[in-house]
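None of these values were measured; they are calculated from a predicted model. Values below: all heavy atoms of this structure, side chains included; hydrogens, waters and symmetry mates excluded. Sequence lines set the chain letters: A, B, ... in the order given, protein chains first and strands last, and positions in each chain run from 1.
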Amino acid sequence: MISFETRREKARRKWDQLEHSKAPVIYIGSATCGRSAGALKVLQAVKETLKEHKLNAKIVQVGCIGPCYMEPLMDIRLADSPRICYANVNPQRARKIIESYLLKGNPLPELAVGHFGENGHPVTEGIPRFFEIPMLQPQVRLVLRNCGMIDPEDIDHYLANDGYQGLLDVLSQKPEEVIEIVKEAGLRGRGGAGFPTYRKWEICRSVPGDQKYMICNVSEGDPGAFMNRALIEGDPHCVLEGLMIASYAIGASHGYVYINSDYHLAIQRLRQAAEQMREYGLLGENILGTGFDFELTIKEGAGAFVCGEETALIGSVEGRRGMPRSRPPFPAVEGLFGKPTIINNVETLGTLPNIIRNGAAWYRGYGVKGNYGTKTFSLVGSVRRGGLIEVPLGTKLRRIIYDIGGGSWKPFKGVQTGGPSGGCLSEESLDIPVEYESMQAAGSIMGSGGMIIMDEDTCVVDLALYFLNFTQKESCGKCSPCRVGTWHMVTILDRIARGESDADDLAKLQTLAETAARASLCGLGQTAPNPVLTTLRHFRAEYLSHVQDKYCRAAVCRELVEYDIDPEKCNGCQRCIEICPTEAISGAKSELHRIDQLRCIKCKACYEVCRYDPLASDAIVIRSRRRAS
Amino acid sequence: MKDKDYSRLFAEFEGVEADLIPVLVRIQERDGYISEEAVRRVSRFLRLSENQIYGVASFYPKFRFTEPGKKSIKVCMGTACHVRGGLFLSEAVGWQLGVGIGQTTADKRFDFQRAGCLGCCTLAPVVMVNEDVHSRMSVIRLKEILEKDD
């Protein structure tokens with residue numbers, strides 16, 4: 001049996017060789033987001049180009065480094081030069097870059113977005129440091145430190161970067177001491193509620209019983225959030241190490257990773273990681289000779305939003321319908337298969353190795369009092385620079401949206417945080433810091449990290465209706481405040497969006513929302529009205545214009561808009577006539593076209609053709625008109 | 001499907017109740033849907049009643065009980081996609097194919113579903129055709145994809 005030390009030495013040598021490789025190294029970001037942007041085609045092109053020119057280079061597939069708007073990303077490092085990152089690479093561009101840089105030594109600074117070394121190296125002239133570009137500069141990467149830097153499929157890369165050092169440290173301490181460190185660090189659950197992690201652990205630790213379970217929650221059912229998937233795809237071992245640290249602390253010998261079965265790549269990487277751990281003696285009995293036994297099961301779930309709730313998740317792992325039950329007993333006392341169980345979020349667990357390795361005081365150096373550390377967010381929607389980001393708690397929303405995200409495309413309207421359980425905040429709330437308490441005071445929640453930017457093209461009534469539709473469909477149906485309440489809220493919102501509402505609908509909606517929030521059994525129902533309550537609070541004027549004037553400023557609510565052709569602009573190209581599914585548009589070639597309002601189904605096809613087709617002239621307008629009620 | 005196809009699939013599992021969802025996931029990956037026969041087989045393997053299996057399977061939106069088409073069109077209904085026009089895409093698919101959500105065209109070429117969130121929010125709106133994610137979609141690009149014959 002090879003000792004852990006030897007393996008680590010070997011891993012470090014391997015990493016060193018890669019870092020100081022004489023042959024060029026090409027890194028390609030090929031997590032799911034990169035792949036959907038075409039990373040695998042780039043990979044293919046890179047291989048072909050190398051073969052064609054008989055070049056010898058190493059190719060490393062890495063995870064997501066964050067700026068998804070730049071995907072696909074390709075980095076190249078030549079011997080004794082810093083790694084240079086290229087954005088929005090396509091097969092042709094990849095070929096051009098390789099031919100220029102590898103063959104002629106010209107790194108094409110105009111195509112590069114950043115480099116990972118120190119400034120001053122001759123090849124990096126005209127290229128900024130990657131971590132100093134506007135999107136990355138305000139960020140602090142603790143959990144995501146390895147994402148995009150190491151090969152997630154190679155345990156040696158993780159080991160060489162202090163991997164499993166935290167586990168090693170923990171195994172030489174008493175479980176109580178581990179809980180004490182986490183308490184001192186002030187770590188709070190990153191799933192969104194912000195419950196102190198140590199307190200949950202203490203309860204479970206103090207419950208007698210030989211069999212306890214630890215579950216890592218990767219259910220991530222929030223639409224608009226992908227932080228957990230990206231972390232697992234980019235650095236699966238850090239989550240698994242955290243899972244083991246937590247298990248040791250609470251006295252569990254069996255861990256589960258409950259993961260959405262749609263996350264194919266993440267599941268594959270976890271399975272592979274588990275195999276490598278077993279090979280390295282990090283799973284099974286008597287781990288590293290310390291007497292700690294640990295087994296790991298990767299459990300695929302079928303992706304229901306309610307399974308983010310602890311008791312529903314347990315039901316789903318046990319093979320039942322994912323329906324919550326009333327508590328107490330809490331899962332920490334009676335959970336999976338009736339045994340004490342702790343469920344932690346991916347990010348909470350991913351943070352643990354850092355805390356253990358660097359100490360609680362180091363962790364408290366980030367964030368603000370009561371809200372220590374960092375939090376990852378998926379910054380998406382109508383934002384210029386979208387992607388996966390990590391910032392210290394206490395960062396102002398304005399800094400996240402404008403400095404990191406670069407603001408919205410069109411004039412900013414609001415930001416939605418926390419998914420369907422969260423709320424919408426308007427311009428005035430942008431100066432609140434991102435902390436559990438302040439977000440809650442503003443009416444929203446921190447949530448697991450979805451952050452959706454809305455501009456003037458988003459209608460808040462439509463957005464509230466969207467979220468309510470979602471929670472209404474996902475409601476498990478067990479308790480009536482949630483099952484019936486969400487349905488009625490959807491009905492009223494739908495009425496408002498159609499322009500069929502009357503004056504007291506807003507009051508009814510408010511009462512209904514408050515009742516459902518108070519009376520529902522689990523978190524889903526309690527938080528489902530949040531999108532309604534916060535939009536009513538921050539965007540009341542927009543509701544009123546829907547109710548009183550039957551007017552949708554964003555021109556989104558279908559019953560309140562009409563499609564028109566601007567006679568000044570229309571050039572009679574007939575492209576819209578070809579695409580219209582209901583033959584609502586008529587007109588001869590080169591003559592003004594006309595839309596038959598009775599036939600028009602408002603599908604937006606003509607609008608898109610008219611805007612983007614080279615022959616067309618952007619003549620179709622969608623507008624809402626004020627009508628007196 | 002033959003006996004040995006099922007026994008090979010079941011061999012990965014212990015045969016306890018907790019295996020139910022992963023078994024169903026695996027069957028759907030293989031067949032594209034949960035057939036009546038599959039439910040009967042799973043029922044015998046896990047010693048659970050068919051009713052219980054339907055009860056669990058129908059709870060999760062992922063599982064489908066009708067045969068899929070050759071190409072599976074999934075329109076993402078995540079928040080970012082919604083904000084950037086996912087609903088229009090979804091309706092355009094319906095119009096183009098003449099089927100509703102969860103249905104398969106008569107020639108079995110396409111089936112049409114909505115997906116929760118595919119997690120590619122920065123590339124919104126997205127549409128998944130079989131396993132390929134098409135990003136930054138528009139009604140026109142969608143039409144091109146649907147008309148492409150292969």
Side-chain angles (χ1 to χ4, degrees), chain A residues 32-33 35-37 68-69 71 220-226 229-230 261-264 299-305 316-323 337 378-382 386-387 416 419-420 450 452 454 457-458 463 466-467 470 473-474 476 579 581-582 601 603-605 608-609 612-613, chain B residues 16-26 28-29 46 48 52-53 55-63 74 76-89 91-92 94-96 115-124 126 128 131-136 138-143:
Chain A
T32 301
C33 45
R35 287 180 184 201
S36 50
C68 301
Y69 75 102
E71 297 278 11
E220 200 163 50
D222 297 34
F226 54 87
R229 194 206 65 213
S261 63
D262 285 333
Y263 286 2
H264 299 288
K299 199 91 187 171
E300 289 171 43
F305 181 60
S316 181
V317 174
E318 288 173 351
R320 290 183 284 110
R321 291 164 75 97
M323 288 165 89
F337 305 121
S378 57
L379 188 61
V380 296
S382 306
Q416 207 282 340
I452 294 141
M454 306 179 289
D457 281 349
T458 313
L463 193 74
Y466 163 78
F467 280 121
F470 178 84
K473 284 202 188 80
E474 293 288 333
C476 78
I579 201 121
T582 55
I601 54 161
C603 69
K604 226 175 177 175
E608 279 182 8
V609 167
Y612 300 119
D613 195 280
Chain B
V16 291
E17 188 184 350
D19 287 336
L20 177 56
I21 293 168
V23 166
L24 292 174
V25 167
R26 203 51 42 77
Q28 180 151 317
E29 272 168 17
L46 297 179
L48 297 171
Q52 195 180 344
I53 294 172
V56 172
S58 60
F59 180 83
Y60 297 97
K62 180 187 172 77
F63 297 118
K74 275 190 197 162
C76 180
M77 288 283 122
T79 322
C81 290
H82 176 80
V83 166
R84 308 194 70 164
L87 188 70
F88 289 98
L89 286 180
E91 283 182 359
W95 273 94
Q96 181 86 11
C117 176
L118 298 170
C120 312
C121 309
T122 45
L123 308 170
V126 298
M128 194 156 141
E131 296 293 303
D132 297 327
V133 176
H134 296 267
S135 53
R136 300 199 178 103
S138 66
V139 178
I140 312 157
R141 282 191 56 209
L142 187 75
K143 197 171 168 173

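A donor-acceptor contact shorter than 3.5 Å links the side chain of B:Y60 to the backbone of A:G322. At distances below 3.5 Å, not a single donor-acceptor pair connects side-chain atoms of A:E608 with backbone N or O atoms of B:S138. Under the 3.5 Å distance criterion, the side-chain polar atoms of A:K604 are left unmatched by any main-chain donor or acceptor of B:A92.
Across every non-hydrogen atom of A:S36 and B:L123, the tightest pair is OG-CD1, 3.2 Å. The shortest heavy-atom contact between A:R321 and B:S58 is NH1-OG, 4.3 Å. Minimum heavy-atom separation, B:L20 to A:G319: CD2-O, 3.6 Å. Closest non-hydrogen pair, A:P223 versus B:G78, comes out as CB-CA, 3.7 Å.
With a 4.5 Å cut-off on non-hydrogen atoms, B:E29 touches chain A through its side chain but not through its backbone. In this structure, chain B has no heavy atom under 4.5 Å from any part of A:F470. With a threshold of 4.5 angstrom between heavy atoms, A:S378 does not approach chain B through any atom at all. Only the backbone of A:V317 comes within contact range of chain B, with heavy atoms under 4.5 Å apart. When heavy atoms are compared at a cutoff of 4.5 Å, B:D132 does not approach chain A at all. Using a 4.5 Å cut-off between heavy atoms, A:A225 contacts chain B through its backbone alone, with no side-chain atom that close. In this structure, chain A has heavy atoms under 4.5 Å from both the backbone and the side chain of B:E17. In this structure, chain B has a heavy atom under 4.5 Å from the side chain of A:I601, while its backbone stays farther away. When heavy atoms are compared at a cutoff of 4.5 Å, A:Y263 does not approach chain B at all. Contacts between A:I579 and chain B at a heavy-atom distance below 4.5 Å involve backbone atoms as well as side-chain atoms. Contacts between A:T582 and chain B at a heavy-atom distance below 4.5 Å involve the side chain alone, from C-beta outward.
Separation of atoms CD1 (B:I21) and CZ (A:R320) is listed at 9.5 Å; rounding is to 0.5 Å. With rounding to the nearest 0.5 angstrom, the NE2 atom of B:H82 is 8.5 Å from the OG1 atom of A:T458.
Ranked by heavy-atom pairs under 4.5 Å with chain B, the first of A:C33, A:C603, A:G386 is A:C603. For chain A, the option among B:R136, B:Q96, B:H134, B:E91 with the highest count of heavy-atom pairs below 4.5 Å is B:E91. Residue with the most contacts toward chain B among A:A304, A:A605, A:S261: A:S261 (heavy-atom pairs, distance under 4.5 Å). The choice from A:F337, A:Y69, A:F467 that makes the most heavy-atom pairs within less than 4.5 Å of chain B is A:F467. Note: A:K299 leads A:M323, A:K299, A:E474, A:M454 in heavy-atom pairs under 4.5 Å with chain B. Note: B:M77 leads B:M128, B:Q52, B:M77 in heavy-atom pairs under 4.5 Å with chain A.
By the neighbour-count criterion of 12 heavy atoms within 6.0 Å, atom OH of A:Y612 is sparsely surrounded, having that number or fewer from other residues, nucleotides or ligands.
Between A:E300 and B:R26 there is a salt bridge, with a side-chain nitrogen of the basic residue lying less than 4.0 Å from a carboxylate oxygen of the acidic one.
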>> Run B:T79 and A:L463 through side-chain contact (heavy atoms from CB on, under 4.5 Å) and show every step you take.
In response: CA-CA 8 Å; B:T79 322; A:L463 193 74; 4.2 Å; yes
